[in-house]
Amino acid sequence: MGSILFEAYPGLKNIPWRSLGNFPTPARKLENLGRELGYENIWIKEDDKSSDYYGGNKVRKLEFTLPDALQKKKKVIMTYGGVGTNHGLATVIHGNRLGLNTLLLLVDQPLTTHVQENLLLFQHFGAQLCYAKNTAGAVLKSIWYFLSKRNIYYLPPGGSSPRGSLGFVAAAFELKRQIDTGEIPEPKYIFVALGSKGTMAGLLVGSKLAGLNSTIVGVRVSYHWIANEKATANLANKVVDLMRKYDRNVPVIRFNGEDMYVLHDFCGEDYGAPTAQGKEAMEIIQQTEDIKLDLTYTAKTFAALLHFVRTQKDREHAPLLFWNTFNSVDLTPIIKEEHDYKKLPKSFHKFFSSNLIPYIQ
Ligand SMILES: Cc1ncc(COP(=O)(O)O)c(C=O)c1O
């Protein structure tokens, strides 16, 4: 068994890879939501179900990055993100499964209960935590760790190295197969969160290679200097370069910032700060389909899809796909058990004694 990508390009079999998830993830129609909105052609790709341990979009990336660390004989994965990083949590959980430790360099983000829960989960799953405050602090600390320890594998924020993004090249091939077998119609638009860019960049490359005609619509949920058209195109080009290193049959395809569809109006004030539109979107999908989204990524992405449905004039109702990138494995029993935040390093205690940011009414 191997990644679906290896069938299309056998030379890629030399890329380190391990199966960590349950693929293909289901693709299905959101019937109740469609009826509620009067647009009966909305579909979901359920990457929330990508693993029984911890799902979401990170699993696909980790299938390529963690084995690379193992092949390079590294013992510790060092990565950074906001204090509530889902990517960090996914790395700790799946890293443990492969015998790898994780060092998380954490920077400030708006304080929500989700942030507090993830901090308790990092503690539970045995991550080494380092409070870096901001990006400059994280960069300095990562250089220090990197120079002082030999066994560290550096994973960029969101796991979005070109290697990690290969997971979403594979995801596009997986979707194409589901279309070819009639499980789902070819979407006209695929709405996906654009955070550290690996998900969108991988889907862009994969859809070109697999012959998918859908337009990938990235909904920016992170800072503009990270998540923008040019940077996404650059990452996509690096992904192609990496693939061609292993298999020259991968065609030379190039992406430009001008070709990207990125929506910038749904992020709100800040990365991690909830928006009223996101909150409404979250409630609608919860009520109609019993699907739980998160406020930082998927609620904002789904808000963009809702806006499209409500404002478009086209009576044809072209198929739309919402790519659910949030985990749906319920970890609340662990959070309840691990409620003592004082076990965390002291620098993190303030995240439990400060006020949560006001939740939009
Ligand atoms: C739930 C969720 N969705 C989407 C994203 C964004 O994906 P990417 O960082 O690949 O752009 C993240 C990133 O952390 C995430 O946690």
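For ligands, and for the atoms within them, numbers begin at 1 and follow the listed sequence.
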Are F173 and L12 connected in the hydrophobic side-chain network, where two residues link if heavy atoms are under 4.5 Å apart? yes
Quick one: hydrophobic cluster around F146, which other residues, with the 4.5 Å side-chain cut-off, linked directly or via members?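 V76, M78, Y80, L103, L105, V107, W144, Y145, I152, Y154, listed by chain and number.
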With the threshold set at 4.0 Å, does a side-chain nitrogen-carboxylate oxygen contact exist between E63 and R163?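 No.
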Do NZ/NE/NH1/NH2 and the carboxylate oxygens of E183 and K29 come within less than 4.0 Å?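 Answer for the salt bridge query: no.
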Pairing donors with acceptors under 3.5 angstrom, does anything connect the side chains of H307 and R310? no
Using a strict cut-off of under 4.0 Å between a residue heavy atom and any atom of ligand 1, list the qualifying protein residues by chain and number.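 Within 4.0 Å of ligand 1, protein side: N57, K58, K61, N86, S160, A193, L194, G195, S196, K197, G198, T199, Y297, T325, F326.
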Geometric cation-pi criterion, R220 with F266: 6.0 Å, 45°: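 Ring-cation test returns no.
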